[in-house]
Protein chains: 2
Amino acid sequence: MTLNQMPTLRTRTPRKKAGGQALPRQQFKDLAAFDRRAQLLEVSAQLFSEFGFESTTIRQIADRADFLPGSLYYYFRSKEEILHEIIQEPVSKTSRDNLRISSLNFDAEHRLIANIIARLYRFLKNGAAFTILQNDRKFLSGHGDFEYVEAVKNKSIELLQSTLNDGMQTGLFRKGIDTSLMIGAISRMLSSAASLFRSGDIVSMDNSLSYPLDNVVDFYLDCILRMVRASSRVDDPIPRAICQELMVGD
Amino acid sequence: MTLNQMPTLRTRTPRKKAGGQALPRQQFKDLAAFDRRAQLLEVSAQLFSEFGFESTTIRQIADRADFLPGSLYYYFRSKEEILHEIIQEPVSKTSRDNLRISSLNFDAEHRLIANIIARLYRFLKNGAAFTILQNDRKFLSGHGDFEYVEAVKNKSIELLQSTLNDGMQTGLFRKGIDTSLMIGAISRMLSSAASLFRSGDIVSMDNSLSYPLDNVVDFYLDCILRMVRASSRVDDPIPRAICQELMVGD
DNA sequence: GTCTATACAGTGATAGAC
DNA sequence: GTCTATCACTGTATAGAC
């Protein structure tokens with residue numbers, strides 16, 4: 001299943017402006033309400049990630065969701081509330097990933113790999129949200145209501161930093177890596193995966209035909225390990241499987 | 001000299017609203033006009049790169065340049081014209097870099113290194129413009145008037161692609177690199193340098209005290225070569241000097 | 001739960017005084 | 001060459017009919 005084919009419930013009927021008989025769905029009222037909200041969130045995430053939060057207008061969102069602009073405010077108090085709902089969960093899941101990984105009894109290389117796989121996994125499951133976090137970071141960081149985003153980002157950096165330092169000390173990684181530069185390089189590099197995953201032609205992890213996705217994960221693991229590993233270890237196998245189990249059960 | 005300390009002629013006098021005696025600068029009329037324009041371009045580039053083109057308003061630009069909004073239109077026909085003037089030269093210089101590099105009689109590794117150095121050099125000389133090209137690529141690509149940007153980007157990708165293929169065939173690079181993924185990874189990675197250069201604490205190339213900058217260039221060369229080189233060559237010296245000469249004389 | 005209608009601030013841009 | 005004043009438009013958001 002590609003990401004673009006997820007069950008979006010995008011009821012693309014041409015919107016019967018008038019005279020349409022009332023649909024007999026009273027019994028699904030709550031479900032319908034939930035779906036509508038979810039649909040609005042998905043449409044918004046799509047647009048925000050594509051054009052940027054500030055450049056996306058309420059009218060654009062309403063158009064795509066077959067709404068009129070005013071009706072959005074039945075579900076959300078403001079445009080910013082929509083953004084919050086889009087990014088809150090991905091951010092808090094990232095935070096939990098960080099905690100889980102830093103509490104592992106693995107060596108630095110395993111923790112680095114687990115970190116990378118976790119990030120790629122989050123990108124895959126929620127590419128739009130992470131694209132927004134990446135592209136609109138200026139807006140988010142300058143805005144008090146989104147401080148929790150910055151906080152988690154800082155924690156992620158700390159985790160990577162300590163992992164790199166640990167690896168250098170134990171000899172798994174080459175000496176003399178500039179950790180600040182390396183963290184920036186790795187982060188940007190991985191962010192190129194987010195757009196990849198959102199292009200739609202990569203297969204999910206759960207799928208038995210997950211060859212293409214595995215390819216992508218292998219690619220990034222390979223590249224990053226080549227950058228940090230001690231020269232004598234560049235051709236060592238990559239212990240991916242053991243790290244991957246971390247993500248089971250979300 | 002740090003980038004932030006370049007001679008910007010930012011005449012930060014508190015703007016004498018009224019009663020100021022006329023400055024005796026008739027003889028510098030043309031020069032003054034040029035400087036004003038240049039100042040506006042620099043202020044705009046700064047703001048566009050920081051907040052995004054669409055999110056930056058004419059009034060913000062006017063404020064920072066000690067203008068009133070309407071006066072901007074004496075120098076520029078539109079906001080978009082400002083953007084054009086900011087990015088046109090950097091883009092065309094990038095294009096020339098590409099041509100120069102692809103016409104070299106160097107092997108693939110040397111061409112790759114020259115490519116990286118050229119990009120970093122452009123980032124250094126014009127960080128704001130390249131940040132805009134990076135951050136607002138969605139706007140630029142969806143806009144007919146900026147097709148030349150996309151064209152140069154595509155050429156850059158082609159150059160990298162042929163360089164990587166060449167290197168794999170001649171055995172300088174390891175076999176089986178996914179060139180599409182690798183180009184994306186390298187591009188994003190290098191883009192992290194643009195923001196670095198703009199943070200202001202990196203020293204220019206011309207400067208004899210250019211230690212920090214050299215450090216950064218070395219870092220990226222090292223990382224990228226580790227990603228692409230055949231395993232047997234990861235510890236070979238990096239022939240940087242010979243490639244660097246390409247950039248002399250802009 | 002959705003629509004109509006609209007308030008109100010902010011946007012890019014213009015015309016004409018100085 | 002810069003300012004004043006203002007236009008037409010688009011932005012988010014609200015109130016109330018249905």
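Naming convention: chains lettered A, B, ... in sequence-line order (proteins, then strands); numbering from 1 in each chain.
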Enquirer: Distance check needed: D:dA13 P versus A:Q60 CD, whole Å only.
Expert: 15 Å

Enquirer: Please give, in whole Å, the distance from C:dG1 P to A:D66 CG?
Expert: 18 Å

Enquirer: In this structure, how many angstroms lie between the P atom of D:dT4 and the CG atom of B:L68, rounded?
Expert: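 Answer to the nearest Å: 5 Å.
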
Enquirer: Donor-acceptor pair, B:S195 side chain versus B:S192 backbone, under 3.5 Å?
Expert: yes

Enquirer: Is the distance from OP1 or OP2 of C:dG1 to the nearest side-chain N or O of A:Y74 less than 4.0 Å?
Expert: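 For A:Y74, the contact criterion (side-chain N or O under 4.0 Å from OP1 or OP2 of C:dG1) is met.
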
Enquirer: Are OP1 or OP2 of D:dT2 and a side-chain N or O of B:R36 less than 4.0 angstrom apart?
Expert: yes

Enquirer: Can you build the contact string for nucleotides 12-18 of chain C? Use B for base contact, S for sugar-phosphate-only contact, and - for no protein heavy atom under 4.0 Å.
Expert: BBB----

Enquirer: Apply side-chain contact (heavy atoms from CB on, under 4.5 Å) to the pair A:L140 and A:L83, showing each step before the final yes or no.
Expert: CA-CA 10 Å; A:L140 293 166; A:L83 181 56; 4.0 Å; yes

Enquirer: Look only at the side chain of B:R188 and the backbone of B:A185, and say whether a donor-acceptor pair between them is shorter than 3.5 Å.
Expert: no

Enquirer: Tell me: CZ of A:F76 to P of C:dG1, nearest whole Å?
Expert: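 Between P of C:dG1 and CZ of A:F76: 14 Å.
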
Enquirer: For the pair B:F146 and B:H143, name the ring-plane relationship: parallel under 30°, tilted 30 to 60°, perpendicular over 60°.
Expert: perpendicular

Enquirer: Report the residues that fulfil side-chain hydrogen bond (donor to acceptor under 3.5 Å, both in side chains) with A:Y148, sequence neighbours left out, ordered by chain and then residue number.
Expert: A:H84

Enquirer: When the distance from CG of A:D63 to C1' of D:dT10 is rounded to whole Å, what number comes out?
Expert: 13 Å

Enquirer: Would you check if the side chain of A:K79 reaches a backbone N or O of A:F53 as a donor-acceptor pair within less than 3.5 Å?
Expert: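 Yes: the side chain of A:K79 pairs with the backbone of A:F53.
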
